[in-house]
Amino acid sequence: MTEHYGDYEVESFLGKGSIGKVFLARHRRIGRRVALKTVHLETKFEDEEDRTEFYKRLQREAELCGSMQHPNVVTLYEVGYDGDLVSFLATEYVDGETLLARLRRTRPLPLDEAIGIATDLLRGLAYAHSKGIIHRDIKPANILLTSDGRAKIADFGVARPLNSSLTATRSLVGTPNYMSPEQVKTTPVSPRSDLFSAGAVMYEMLTGVKPFAAPELSGILYNVVNLVPPRVTETNPSVPDAIARVVAKLLAKDANQRYATADEALSELELVDHARAAALESGELGLLTVDHGDDTTPLSTIVDYDPTPSPLRREVEPPTFSSVAVVLVAPLLA
């Protein structure tokens, strides 16, 4: 028997999302195919107040995401309800694959492809942030690649509106390997938290390895807060140092040392990539330059950026992060 959610008929199971199962479904009246995200939380609420707050937050996030229309953000078409509670989200179905699946086939990605995905990601984040939305779970599994190579940000299920009065409860706080230090330390997040996660994704695309990987969850969280990963060029010398600097700045431990906005990061990435393309076209690979109007500065002379301010180089015992892992993040690894 075909399973139904409102006017949608389930065609197949696609996977598990942050708030429940995801199905490929078709609207029985207009035939539109969607990715149907159902709300099925496996963890019990602590109390009725906890449950009420979760659904209030989900409703608010659905309203915010429903207002977004951008080529690099997956569109939310409809919100379904069971009484007054959100029961499903019908979103744009992207006929392609996730960046996670792409990375499983090829590590690292070709440079042009990685930069193309990164620029799309930053464009999508700039738009979401302009609408007052922080994604909080940027990772390869939440970046969809269309058949023509465009990247789209998906799964705003754990997004939070800027200046939200809703508290951050439960374990929906991100994915360990791509969390910002602010998320690990459960301090307030800003759009710069998403930029850190974007930097972790870029690092993985360009080098083929996760920047903060460790055998144990506590080790990953420790690394996110304390470890300065090897420079991208150390792992993959074919990456221009100017691009490695962009990644390093995105991965600054102190949020104030990152780019101020996704637009700023995008402009810098496009600038250095245009310089790279010009150098390739002219055959002058030894000296890339960035044109800043009247001032043309060789990229090789720009001072390297140190992404970690000295106060954050203090030692933090891994057991501290074990407790964080158990309380906040362990359910995400199920």
Side-chain angles (χ1 to χ4, degrees), residues 72 99 103 107-129 135 138-140 143 151 153 177-181 190-212 224 227-280 285 287-293 295-309 312:
N72 299 120
L99 176 57
L103 286 168
R107 287 177 176 268
L109 295 184
L111 183 59
D112 285 339
E113 182 181 359
I115 293 175
I117 293 170
T119 54
D120 280 350
L121 172 58
L122 290 172
R123 286 192 191 100
L125 284 176
Y127 176 80
H129 295 165
H135 189 284
I138 294 296
K139 59 183 178 181
I143 300 170
I153 303 172
N177 273 300
Y178 307 95
M179 282 182 181
S180 66
S190 71
R192 290 180 177 182
S193 179
D194 283 345
L195 296 187
F196 185 93
S197 300
V201 171
M202 286 183 64
Y203 190 101
E204 186 173 358
M205 289 193 293
L206 292 168
T207 67
V209 297
K210 296 179 178 68
F212 307 110
V224 167
L227 174 70
V228 178
R231 200 171 183 82
V232 165
T233 48
E234 292 181 33
T235 305
N236 185 357
S238 68
V239 177
D241 192 61
I243 292 174
R245 278 194 294 273
V246 173
V247 177
K249 188 167 182 177
L250 288 168
L251 290 176
K253 302 299 186 185
D254 182 351
N256 291 325
Q257 298 300 319
R258 297 172 208 150
Y259 293 100
T261 65
D263 274 324
E264 183 182 318
L266 175 62
S267 295
E268 182 73 8
L269 180 59
E270 289 181 328
L271 184 66
V272 298
D273 191 47
H274 290 162
R276 178 183 72 93
L280 287 172
L285 300 180
L287 180 64
L288 297 183
T289 61
V290 178
D291 186 1
H292 294 282
D295 174 37
T296 301
T297 305
L299 296 186
S300 58
T301 67
I302 298 176
V303 177
D304 284 350
Y305 179 82
D306 181 359
T308 307
L312 288 178

Query raised in the report: Charged N to carboxylate O below 4.0 Å: is that the case for Arg123 and Glu270?
Result: yes
Report summary line: With sequence neighbours left out, the residues meeting salt bridge (charged side-chain N to carboxylate O under 4.0 Å, His left out) with Glu234 are none
Query raised in the report: For the residue pair Ser238 and Leu111, what are the closest heavy atoms and their distance?
Result: O-CD2, 4.3 Å
**Report entry** Atom pair NZ (Lys249) and CG (Leu269), whose distance is rounded to the nearest 0.5 Å
**Finding:** 13.0 Å
Query raised in the report: Any idea which heavy atoms bring Arg107 and Val209 closest together, and the distance?
Result: NH1-N, 4.3 Å
Requested in this report: Evaluate side-chain contact (heavy atoms from CB on, under 4.5 Å) for Arg231 paired with Arg245, printing each intermediate quantity in order.
Outcome: CA-CA 8 Å; Arg231 200 171 183 82; Arg245 278 194 294 273; 2.8 Å; yes
Requested in this report: Look only at the side chain of Lys253 and the backbone of Leu227, and say whether a donor-acceptor pair between them is shorter than 3.5 Å.
Outcome: yes
Report task. Sequence neighbours left out, what passes salt bridge (charged side-chain N to carboxylate O under 4.0 Å, His left out) with Asp263? Give chain and number order. Result -> none
Query raised in the report: What distance do Phe196 atom CZ and Leu251 atom CG have between them, rounded to the nearest 0.5 Å?
Result: 5.0 Å
Query - Heavy-atom pair with the smallest gap, counting every atom of Val247 and Met202 - result: CG2-CE, 3.7 Å
Query - Least distance between heavy atoms, Leu122 atom then Ala198 atom - result: CD2-CB, 4.4 Å
Query raised in the report: Hey, are the side chains of Pro140 and Val201 touching, using non-hydrogen atoms and a 4.5 Å cut-off?
Result: yes
Query raised in the report: Which heavy-atom pair separates Asp120 from Ala151 by the least distance, and what is that distance?
Result: OD2-N, 3.0 Å
Query raised in the report: Considering residues at least two apart in sequence or located in another chain, which fulfil the side-chain hydrogen bond (donor to acceptor under 3.5 Å, both in side chains) criterion with Tyr203?
Result: none
Query raised in the report: Would you call Asp112 and Arg276 a salt bridge, using N to O less than 4.0 angstrom?
Result: yes
Query raised in the report: Side chains of Tyr178 and Glu204: closer than 4.5 Å at any heavy-atom pair?
Result: yes
Report task. Drop me the distance from Leu121's CG to Ile143's CD1, to the nearest 0.5 angstrom. Result -> 4.5 Å
Report task. Could you pull out the closest heavy-atom pair between Gly116 and Thr119, with the gap in Å? Result -> O-OG1, 2.8 Å
Query raised in the report: From Leu125 CG over to Thr261 OG1, what is the distance, rounded to the nearest 0.5 angstrom?
Result: 11.0 Å
